[in-house]
Each structure stands twice: as structure tokens, then as C-alpha cells.
Amino acid sequence: MIKKLLGRVVRLPTGLRARLVITFTLVAVTASVLVATIGFELAKSALVERAEDTAVDVVERELDRIAFPIGRLRPGEAPPTAKNLEELGQSLDGPGRGVVVEYRGLLYADGPMTMDDVPNELYGRAKQNVVTQRRVIHNELWLIVGAEVYRRADAVVEPTGLRTFVFFPLRDEQSRLSTLRSKLTQGGASIVAIALVVALLSARQVLLPVRRLSAAAQALGQGRLDTRLPVHGQDELAELTARFNDAAAALELSVSELRALEAMSRRFVADVSHELRTPLTAMTAVAEVLNDDLERLPADTAQAVRLVLREVERLRELIEHLIEISRFDAGTATLNLEPVNVAEAVHGCLDVRGWGEKVAVTASPGLTASLDPRRFDVIVANLVGNALKHGGEPVTVSARGTENGLEVKVRDHGKGIPPEALPHVFDRFFKAGAGRTRSQGSGLGLAIARANAQLHGGTISVRPQTPGTLFTVWLPRA
């Protein structure tokens, strides 16, 4: 039962402070119980042994003083009488005692005890020597001393047949043991209380630096990399605090270097993207001229020009996306909110790109929302373009107002996105499937759509359908 109880205590979902206090308390309780038990048993043994020694001395001393003849009688000696047994019994009697004397048919009993109160096993053992036994008689503990008197006759020690049984009350010893038990219990309770106080103080002393370390670690996790802790003393906790400070300093240095490298990378991408716009503009102008003359060019030359035109368009889209991403990374992207008719905005987005006949739109004509028109156009264009390029027709767009904002859904009916690719569809430059590495598109469209939704305070989620894929945009009310 104790093991089960301790097992339950150990399995409790307590903190380190509670475990320290419980451990201290259990150790104190165990030590107190052991000390109290051992002390009580030693005191009990000493009291009982002293009582037995005293009782045996009294009985032996009085039996040695017997003056009347017992045992084998010599010529001229008269056998003992009842009067002699009475005198012996009175000499053995004392406060609260009981005496039973037996000699060859004669019996003397004094006090509340009779021969019937003498245990059989003690009666048999009394034939051999002075013996003792503790026994509860009449709801009270007694020490019974039994003895048979031996005499020397003709150089032979032989029993005389005189047996005495003296009942010594142990109420005084019981009272002392009860008092001792009470004192030990009070002392044990005091020790447990002191141990509990010491445990609480020790736990506080030990856990205070741990709490500080926890708070400092949380601060580091929140980005306050300059967090440091004062080092006090030279113990293990002080060493741990010093190691924490060293780790925090190293982390701050590493993060600073990474941030500097990231800033340089973002600046490099932004600079390169902007620098490419000038030659790209010239290339686009030349491409438009070539496009106008395609009908007059030879077939091989026309095919090469068409390939160049597609790649120029891809390069233009990539540069525009890189510039847009660089704005988000630099934190310079801003919102220009205004009331927008959602149905008109969706139709306008599709018509400008020539997708009006390929996409079915479901939206209430009177549905309006506070949006940044340009960024909302980017969100719809990227999602619909992704559905047309990599999904399958029919492609549908639905928009509706909710209690919390605007919900826009874009669904295609293609093969769908592989399950292992779903968590990464919004990653930059991610393209699901090896066959799409050279597919049309920059791999930045969905990332830009999500960034624009997050700039509005909204989200974009993706969910597989049968067949196809469903993208859901949620934008909160302004």
C-alpha cells in the first residue's frame, strides 16, 4: 500500500518546487518515524527489562528467606501449614500485586488473581526455573513471575514442590510508555514542520535562479538578445548563469551577423531587380517590334522570336515579383485602403488578363469591402493564374461577406497538389513536382499573394478537393 501511494505521489504532475518540498517532507517523515520507532522500542525494552529484573529480584529474595521446612523433611521437622503459605504470600505481596502460592495440595491466593489466571505454559515452565510472562488479564497488562523453590538434600539439589506466582501490574510502565509515545509524536511533528519550512526556503533559494534563467530564456526567445543575468557566488548555479550569459552573447553575435547578411542579400536582390528593369524595358520594346513583324519572318526565325518573347515575359514577371518581395522584406509595403466592390474588382482582374471566359465568378453585385485595390488584384490574379497554369478547368471564384470579414475562394478541377507538397505551396520558389521546375511562372506568386493577405491582416489556406485544389482567402473587416 505504501509503495502504491508513493508511486502515485511520484507520478503527480507537480513542478520542481513541489517535488523538492515533497521529497524533503518524505525524508523528514521517514526519518522521524524510524527514530521514534527505534527510540520507543529501546525505551520499551529498557522499561520492561527493568521491571522484570526488579520483579525477579523481589521474588528470589523472598523465596530465599523461607524459614519453614519444605521438600524432603528431616526427622523432627513438621510440614508447612496454610499459615506458613499465607506468611510467604504476604511477604511477596505489594501495592497492586496478586500472589498465588501452591504446595502439595495447599493453595494460597491473595489479590484479584487465582490459579486459573496462571497460564498453562507458565505453570509448566515454572518447574524448571524462575520464568516471566506478560499477559493481559481483566483488560490490564500484568507481568507474571513464576518460580519453584529448590533445596539441597544430601548433596543433591531437588525441587520442593513449592510454586509461587506473583502478578506485578505494569500500569506505571504503560503510563510512561504512553507519555513517551506522545512526546515522540510531538517531536516528530515538530521535525516534520521544521523540515517543511527548510524545504520551502531551500526550494525558493534553489529555484529563484532557475526562474530567472527561465525568464531570461523567454526574453531571448522574444528577440531581446541583449538579455543577461548577474552572476552571484561560485556554485553550480552561478556557473550555469555564466554559461547562459556566454551563450546569449554568442547568440546575439550570430544573429547580428545573420541579420546583416540577410539585409545585404535583400538589398542585393532589390538592387539587381531594379537595375534589370532598364535593360528589360529595352528588350521588351525590341520584342514588341519583332512581334509585329512575325508574319513577315521566315518560319525558323519566327519560332525563335516567339521563344525569346516568352522568355522575356517570364523575365519581366520574375523581376516584378522580386521587386515586390523585396518591398515586403524591407518593410516598405503599405496599404491604401478604400471601399471596393468585390465583384467588379474580381471581374476587372480577370478581364484585364484575358481570363474572363475561362473563370466562373460567384459574387453578390453589392458586396463591398475595405481593401487595397492593387494588392487585392495581385491576390486574385496569382491564385487564378496558378489555378489555370497548374490546375485544370473549370476554375471558379466565389466571394461572400462573413461576420468577421471577406472570404474569397478559388478552386480548380485539376489533378491537385501532392499531399507532401501542401505545407510548402506558399514557400518562395517552390514548385510542386519535378516536372514543373521549368514550368511557366516564377514560383513567387503564391508567396506574394499570402504576403498581401497578411498585410491586410488576413490569411490564405489551401485544401485538397476531389478533384482539384481549393484556396481560401480571408480578409478581416477594416
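Only heavy atoms go into these numbers, but all of them, side chains included; no hydrogens, no water, no symmetry mates. Bear in mind the structure is a predicted one, so any value in this text is a computation, not a measurement.
- Looking at residues two or more places apart in sequence or on another chain, you find no ring pair (Phe, Tyr, Trp, His ring centres under 6.0 Å) involving H347.
- Counting only distance, with no hydrogens or angles, the side chain of T227 and the backbone of R224 share a donor-acceptor pair below 3.5 Å.
- In terms of heavy-atom proximity, L220 sits nearest to L225 at CD2-CA, 3.7 Å.
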**Study point:** Stepwise side chain to side chain contact (heavy atoms under 4.5 Å, CB included) test for L388 and W355
**Key:** CA-CA 9 Å; L388 291 172; W355 299 337; 3.5 Å; yes

Exercise for review: Test side chain to side chain contact (heavy atoms under 4.5 Å, CB included) on L367 and N341 and set out the steps.
Suggested key: CA-CA 6 Å; L367 177 61; N341 186 293; over 6 Å; no

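- Residues L371 and L406 come closest through the heavy atom pair CD1-CD2, 4.0 Å.
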Return a table of donor-acceptor pairs under 3.5 angstrom between the side chains of residues 392-403 and protein atoms on other chains or two or more places apart.
from : atom 1 : to   : atom 2 : distance (Å)
R400 : NE     : E407 : OE1    : 2.8
R400 : NH2    : E407 : OE1    : 3.1
T402 : OG1    : N404 : N      : 3.4
T402 : OG1    : G405 : N      : 3.1
T402 : OG1    : G405 : O      : 3.0

Compile the donor-acceptor pairs under 3.5 Å between side chains in residues 44-55 and protein atoms, sequence neighbours left out, one pair per line.
from : atom 1 : to   : atom 2 : distance (Å)
S45  : OG     : E41  : O      : 2.9
E52  : OE2    : R134 : NH1    : 3.1
T54  : OG1    : R50  : O      : 2.9

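- Side-chain contact check for V58 versus V166: every heavy-atom pair is 4.5 Å or farther apart.
- Side-chain N or O atoms of R375 include one that pairs as donor or acceptor with a backbone N or O of T334 at under 3.5 Å.
- Sorted by first and then second residue, the pairs that involve residues 343-355 and meet salt bridge (charged side-chain N to carboxylate O under 4.0 Å, His left out), not counting sequence neighbours, are R353-D377.
- Between the CG atom of L201 and the CG atom of L196 there is a distance of 9.5 Å, given to the nearest 0.5 Å.
- Counting heavy atoms from C-beta outward, L143 and T132 have side chains that approach closer than 4.5 Å.
- Looking at residues two or more places apart in sequence or on another chain, you find no side-chain hydrogen bond (donor to acceptor under 3.5 Å, both in side chains) involving R135.
- A donor-acceptor pair under 3.5 Å is absent between the side-chain atoms of S178 and the main chain of Q174, judged by distance alone.
- Here the shortest heavy-atom pairing between P169 and W142 reads N-CE3, 3.5 Å.
- Note that CG of L251 is 9.0 Å distant from CZ of F244, once rounded to the nearest 0.5 Å.
- Summarising the geometry of I144 relative to P119, their closest heavy-atom pair is CD1-CD, 3.8 Å, with the distance given to 0.1 Å.
- Across every non-hydrogen atom of F376 and V342, the tightest pair is CZ-CG1, 4.1 Å.
- In plain terms, the two heavy atoms of L184 and G39 that are nearest each other are CD1-C, 4.5 Å.
- E173 places none of its side-chain heavy atoms less than 4.5 Å from the side chain of R171.
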Check your understanding: Taking it one step at a time, do E252 and R228 satisfy salt bridge (Lys or Arg N to Asp or Glu O under 4.0 Å)?
Key -> CA-CA 11 Å; E252 183 180 18; R228 300 293 185 273; 2.7 Å; yes

**Study point:** Evaluation steps, side chain to side chain contact (heavy atoms under 4.5 Å, CB included), between N336 and R374
**Key:** CA-CA 9 Å; N336 296 312; R374 185 182 71 82; over 6 Å; no

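- A donor-acceptor distance shorter than 3.5 angstrom exists from the side chain of N382 to the backbone of V378, with no hydrogens or angles considered.
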Between side-chain atoms of residues 454-474 and protein atoms elsewhere (two or more places apart, or another chain), which donor-acceptor pairs fall under 3.5 Å?
from : atom 1 : to   : atom 2 : distance (Å)
H456 : ND1    : N452 : O      : 2.9
H456 : NE2    : D372 : N      : 3.2

Practice item. Please step through side chain to side chain contact (heavy atoms under 4.5 Å, CB included) for the pair V59 and F168, ending with a clear verdict. Key: CA-CA 11 Å; V59 173; F168 292 86; 4.1 Å; yes

